[in-house]
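Inspection log for the structure reproduced underneath, given as structure tokens.
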Amino acid sequence: MGTTPCTARYAAHTLLAALALTGCSSSAPPPAAGSASPSAPTPVSPVQVCTSLVSYWAKETLLGTKWSGLDWEQKGLSNEQYAIHEDAVAAGRAEERTAGRDKALELIDRFVARRCAEQGGATGSSESQRPPV
């Protein structure tokens with residue numbers, strides 16, 4: 001008398017599995033050999049990450065924004081990056097007193113870029129992260 005419930009259930013599960021598998025596959029053709037995808041992300045170096053992150057938070061601290069009071073861990077900084085942050089804020093405040101806020105923000109960018117480059121991204125963290133001596 002027609003399809004048994006088990007057979008219908010099996011067919012439904014098979015159909016769902018097939019739909020799930022085809023839904024996960026890419027329907028776009030692969031890019032031509034030798035061509036770069038325009039949306040492919042560019043790898044970011046530790047120095048670039050350090051510069052962007054520390055410069056952002058140092059300027060936020062100088063400006064006294066709502067989130068500037070977060071601690072170094074909440075800002076996503078390593079211990080070494082936080083040391084750069086503190087030095088950059090101090091230098092920025094000194095520059096702001098003599099040359100104004102705009103010059104202080106420019107100084108922070110230069111200062112942080114130089115220090116992050118010198119320290120290779122300044123990714124060192126707490127004492128517990130250092131190898132035993």
Side-chain angles (χ1 to χ4, degrees):
M1 190 180 178
T3 325
T4 63
C6 288
T7 306
R9 200 171 316 136
Y10 176 77
H13 286 124
T14 304
L15 177 61
L16 286 173
L19 289 172
L21 289 174
T22 58
C24 293
S25 67
S26 172
S27 60
S35 69
S37 173
S39 63
T42 303
V44 180
S45 74
V47 171
Q48 291 168 316
V49 171
C50 175
T51 301
S52 176
L53 191 61
V54 176
S55 181
Y56 172 82
W57 284 115
K59 289 189 279 189
E60 290 293 299
T61 301
L62 184 75
L63 296 171
T65 63
K66 177 181 177 180
W67 300 107
S68 64
L70 297 174
D71 70 22
W72 63 275
E73 289 177 304
Q74 292 169 318
K75 292 176 180 177
L77 302 174
S78 70
N79 289 24
E80 291 177 352
Q81 290 167 346
Y82 183 66
I84 295 170
H85 170 276
E86 290 298 288
D87 293 344
V89 169
R93 286 185 175 140
E95 183 74 5
E96 185 177 30
R97 284 190 294 276
T98 61
R101 179 164 282 174
D102 290 341
K103 293 296 182 185
L105 296 173
E106 291 172 15
L107 173 85
I108 285 175
D109 283 334
R110 290 189 313 273
F111 182 94
V112 170
R114 181 179 49 81
R115 289 279 300 275
C116 285
E118 288 171 357
Q119 294 181 20
T123 58
S125 258
S126 66
E127 292 293 324
S128 64
Q129 300 296 321
R130 294 188 183 166
V133 181

Tell me whether [X] shares a hydrophobic cluster with [Y], the cluster being built from Ile, Leu, Val, Met, Phe, Trp, Tyr side chains joined at under 4.5 Å.
X: W67; Y: L77; value: yes
X: V89; Y: V112; value: no
X: L62; Y: Y82; value: yes

Point to revise | pair V47-Q119: side-chain heavy atoms closer than 4.5 Å | key: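 Side chain of V47 against side chain of Q119, heavy atoms only: no contact under 4.5 Å found.
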
Review point. Which pairs count as salt bridge (charged side-chain N to carboxylate O under 4.0 Å, His left out) when at least one residue sits in residues 53-64, sequence neighbours excluded?
Key: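 Pairs touching residues 53-64 that pass the test: K59-D109.
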
Would a distance-only check, ignoring hydrogens and angles, find a side-chain to backbone donor-acceptor pair under 3.5 Å from [X] to [Y]?
X: Q48; Y: S45; result: yes
X: S78; Y: A122; result: yes
X: Q81; Y: G121; result: yes
X: S68; Y: T65; result: yes
X: E96; Y: R93; result: no
X: S55; Y: S52; result: no

Measure the [atom1]-[atom2] distance between [X] and [Y] for me, rounded to the nearest 0.5 Å.
X: D102; Y: L107; atom1: CG; atom2: CG; value: 12.5 Å
X: L53; Y: H85; atom1: CG; atom2: NE2; value: 9.0 Å
X: I84; Y: T51; atom1: CD1; atom2: OG1; value: 8.0 Å

Please give me the minimum heavy-atom distance between [X] and [Y], naming the atom from each residue.
X: L63; Y: R101; answer: CD2-CD, 3.4 Å
X: K75; Y: W57; answer: O-NE1, 3.2 Å
X: A58; Y: A88; answer: CB-CB, 4.1 Å
X: W72; Y: N79; answer: CH2-OD1, 2.9 Å

Practice item. Any disulfide bond (SG atoms under 2.5 Å apart) involving residues 44-103? Give me the pairs, sequence neighbours left out, ordered by first then second residue. Key: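 Output for this query lists C50-C116.
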
